Amino acid sequence: MDNGEITGLISVDIRKAFDSIDHKILLRKMQDQFGVQDFELKWFQSYLTKRSQVCVVDGHTSLAKEIVCGFLQG
């Protein structure tokens, strides 16, 4: 700015980025772009598949729903 040049700023909010990761796309990219193969790929696939969640409100539990996107954090 001091030299009269254009200055820009790009801001990206990625706080919820892990909530929207599609498992199939993630696994495909891990294999195709990063070379994750065999045992390691199967481990990630096992970690991401056949997971479900329920919601409990005032002692009432919803039906289980399979999780197909998002990544566990913490």
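The model shown is predicted, which means the values in this text are computed figures rather than measured ones.
Residues satisfying the side chain to side chain contact (heavy atoms under 4.5 Å, CB included) criterion with S62, sequence neighbours excluded, are V54, C55.
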- [ ] Take W43 and Y47, measure what ring-ring contact (aromatic ring centres under 6.0 Å, His included) needs, and give me the verdict at the end.
- [x] CA-CA 6 Å; W43 184 87; Y47 182 77; 5.6 Å; yes
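Atom CD of residue Q37 and atom NZ of residue K42 lie 10.5 Å apart, to the nearest 0.5 angstrom.
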Donor-acceptor list for residues 21-34 side chains, cut-off 3.5 Å, not counting sequence neighbours:
unit_1: D22; atom_1: OD1; unit_2: K24; atom_2: N; d: 2.9
unit_1: D22; atom_1: OD1; unit_2: I25; atom_2: N; d: 3.1
unit_1: H23; atom_1: ND1; unit_2: L48; atom_2: O; d: 3.3
unit_1: H23; atom_1: NE2; unit_2: G70; atom_2: O; d: 2.6

